[in-house]
Amino acid sequence: MSGILSGKKGIIFGALDENSIAWKTAERCHAEGAEFILTNAPVAMRMGEINKLAEATNSEVIAADATSMEDLRNLFEKATEKFGKLDFILHSIGMSVNVRKGKHYTDLNYDWLTKGWDVSAVSFHKVMKTAWDMNCMNEWGSILALTYIAAQRVFPDYNDMADNKAYLESIARSFGYFWGKERNVRVNTISQSPTPTTAGQGVKGFGGFLALADEVSPLGNATAEDCANLCVMMFSDFTKRVTLQNIYNDGGYSNTGVSEGLVKGFNQED
């Protein structure tokens, strides 16, 4: 199969169902000629439809808890047995028990905080450390994680996920320096518009997030398909010297103060 990812091999973490960005990215990677292993935590795999995606993309599914070094070692061993060295990794994982349980940010359960922090951010370090220790990335490979602008700005109902995303982005920069300097591998994050994935819709007031961002963004919200296309480009050789970046895929929201429509909504005289 020809395409800009023809011949490239990788691992995609986090595909749950057809609404997930990882799912859309897997479809686009397959269409562009890539081969990959799909992985998710065993509990997530029981909740989702990953086997349907695997069949459509001719991919193998290997269960792995991304917080478990043992599971990650097993995953990367099987991936390298199948493909040799890898060209790309997508980390599309995020979870907050405090959000799920409706705990306010001023009254966090710290055990739940630690769990969400491990799943959403530290797992990215664990994924990269496993790949680093096994030296299983090709030169000019690409490692990506998905994030959100709440890492930089206040979105009250995003809760401790904002802290998780801030830490995720810091890990990308810090580990990404060594990946670039010593292995010629790039590490980036994509800050996506609010997207109606299964996880995203679990955030209190998500509909408001979505509507506000779409109004403020000059180009409107980026869809899951838009993010998948950007992931493909970041995995390709066209972006081989883009690294340590947090790339906003948000229709211009991150650089827009207010929109005309938003102002008019508050200006009753007009």
Side-chain angles (χ1 to χ4, degrees), residues 1-18 20-93 119 123-146 172 175-176 179 182-188 228-229 231-240:
M1 183 181 293
S2 62
I4 65 171
L5 299 184
S6 182
K8 294 194 180 296
K9 322 290 186 184
I11 299 176
I12 295 176
F13 286 81
L16 180 66
D17 55 36
E18 292 181 351
S20 68
I21 292 172
W23 185 293
K24 303 293 186 185
T25 301
E27 291 178 328
R28 291 296 300 124
C29 287
H30 175 66
E32 291 295 337
E35 297 178 72
F36 45 83
I37 285 171
L38 296 167
T39 185
N40 212 328
V43 64
M45 290 174 61
R46 290 195 296 271
M47 294 167 55
E49 303 173 318
I50 196 170
N51 289 325
K52 176 182 173 182
L53 177 63
E55 183 177 352
T57 58
N58 193 29
S59 302
E60 183 177 356
V61 178
I62 300 175
D65 178 349
T67 67
S68 165
M69 296 301 289
E70 181 180 355
D71 279 14
L72 290 173
R73 183 82 186 185
N74 176 66
L75 169 65
F76 277 88
E77 283 177 350
K78 289 182 177 178
T80 53
E81 286 172 8
K82 183 180 181 70
F83 295 137
K85 287 197 173 185
L86 304 174
D87 300 292
F88 65 89
I89 297 170
L90 175 65
H91 179 282
S92 180
I93 304 170
V119 171
S123 66
F124 191 41
H125 195 285
K126 291 177 178 179
V127 166
M128 288 196 284
K129 176 175 169 52
T130 304
W132 178 273
D133 289 347
M134 295 177 65
N135 193 23
C136 64
M137 293 294 294
N138 277 319
E139 280 198 318
W140 306 112
S142 178
I143 302 173
L144 277 179
L146 301 185
F175 215 148
W179 272 111
E182 300 185 30
R183 305 284 175 88
N184 282 340
V185 171
R186 54 216 144 107
V187 179
N188 296 284
N229 287 330
C231 289
V232 166
M233 184 59 67
M234 295 304 296
F235 292 152
S236 79
D237 293 335
F238 292 107
T239 54
K240 67 185 294 183

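Hydrogens, waters and symmetry mates play no part in the numbers below; they use all other heavy atoms, side chains included.
- Ion pairing between Lys52 and Asp17 fails under the 4.0 Å rule for side-chain N and carboxylate O.
- Between Leu72 and Asp65 the shortest heavy-atom distance is CG-O, 4.3 Å.
- Atom CD of Glu55 has 12 or fewer heavy atoms from other residues, nucleotides or ligands within 6.0 Å.
- Shown here for Cys29 and Leu5, the closest heavy-atom pair between the two residues is SG-CD1, 3.8 Å.
- For the atom pair CD of Glu35 and OG of Ser6, the computed distance is 9.0 Å after rounding to the nearest 0.5 Å.
- When all heavy atoms of Thr57 and Ala26 are compared, the pair lying nearest together is CG2-O, 4.0 Å.
- Side chain of Ser123 to backbone of Thr67: no donor-acceptor contact under 3.5 angstrom is found.
- Residues Asn74 and Glu70 have side chains not in contact (no heavy-atom distance under 4.5 Å, counting atoms from C-beta outward).
- Counting heavy atoms from C-beta on, the side chains of Ile37 and Ile12 never come closer than 4.5 Å.
- Here the CG-CH2 distance, from Leu53 to Trp23, works out to 4.5 Å after rounding to the nearest 0.5 Å.
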Trace of the side chain to side chain donor-acceptor pair (under 3.5 Å) decision for His30 with Ser59: CA-CA 9 Å; His30 175 66; Ser59 302; 5.8 Å; no
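- Between the side chain of Glu32 and the main chain of Ile4, a donor-acceptor pair closer than 3.5 Å is present.
- The two residues Cys231 and Leu144 come nearest to each other via the heavy atoms CA-CD1, 3.8 Å.
- To the nearest 0.5 angstrom, Met134 atom CE is 4.5 Å from Thr80 atom OG1.
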Derivation of the side-chain contact (heavy atoms from CB on, under 4.5 Å) call for Phe88 and Lys9: CA-CA 7 Å; Phe88 65 89; Lys9 322 290 186 184; 5.7 Å; no
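- Electrostatic pairing of Glu18 and Lys24 does not count as a salt bridge here, judged by no charged N lying under 4.0 Å from a carboxylate O.
- At least one side-chain heavy atom of Met69 sits under 4.5 Å from a side-chain heavy atom of Thr130.
- Asn184 contributes no side-chain N or O that, together with a main-chain N or O of Trp140, makes up a donor-acceptor pair within less than 3.5 Å.
- Going from atom CZ of Phe13 over to atom CZ of Phe124 covers 10.0 Å, rounded to the nearest 0.5 Å.
- Using a 4.0 Å cut-off between charged side-chain N and carboxylate O, Glu60 and Lys82 make a salt bridge.
- The two residues Leu86 and Ala79 make their nearest non-hydrogen contact at CD2-CB, 4.3 Å.
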Stepwise side-chain contact (heavy atoms from CB on, under 4.5 Å) test for Asn135 and Lys85: CA-CA 8 Å; Asn135 193 23; Lys85 287 197 173 185; 3.6 Å; yes
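- Side-chain contact between Asn229 and Thr25 is absent, with no heavy-atom pair separated by less than 4.5 Å.
- Using a 4.5 Å heavy-atom cutoff, the side chains of Leu90 and Leu146 are in contact.
- The heavy-atom pair separating Ala22 from Gly14 by the smallest distance is CB-C, 3.6 Å.
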Worked verdict on Ile143 versus Arg186 for side-chain contact (heavy atoms from CB on, under 4.5 Å): CA-CA 6 Å; Ile143 302 173; Arg186 54 216 144 107; over 6 Å; no
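- Distance CZ/Phe36 to CD1/Ile11: 12.0 Å, rounded to 0.5 Å.
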Candidate pair Val119 and Ile93, rule side-chain contact (heavy atoms from CB on, under 4.5 Å), full reasoning: CA-CA 7 Å; Val119 171; Ile93 304 170; 3.6 Å; yes
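- Under the 30°/60° scheme for interplanar angles, the aromatic rings of Trp132 and Trp179 are found to stand perpendicular.
- A distance of 9.5 Å separates CD1 in Ile89 from OG in Ser142, rounded to the nearest 0.5 Å.
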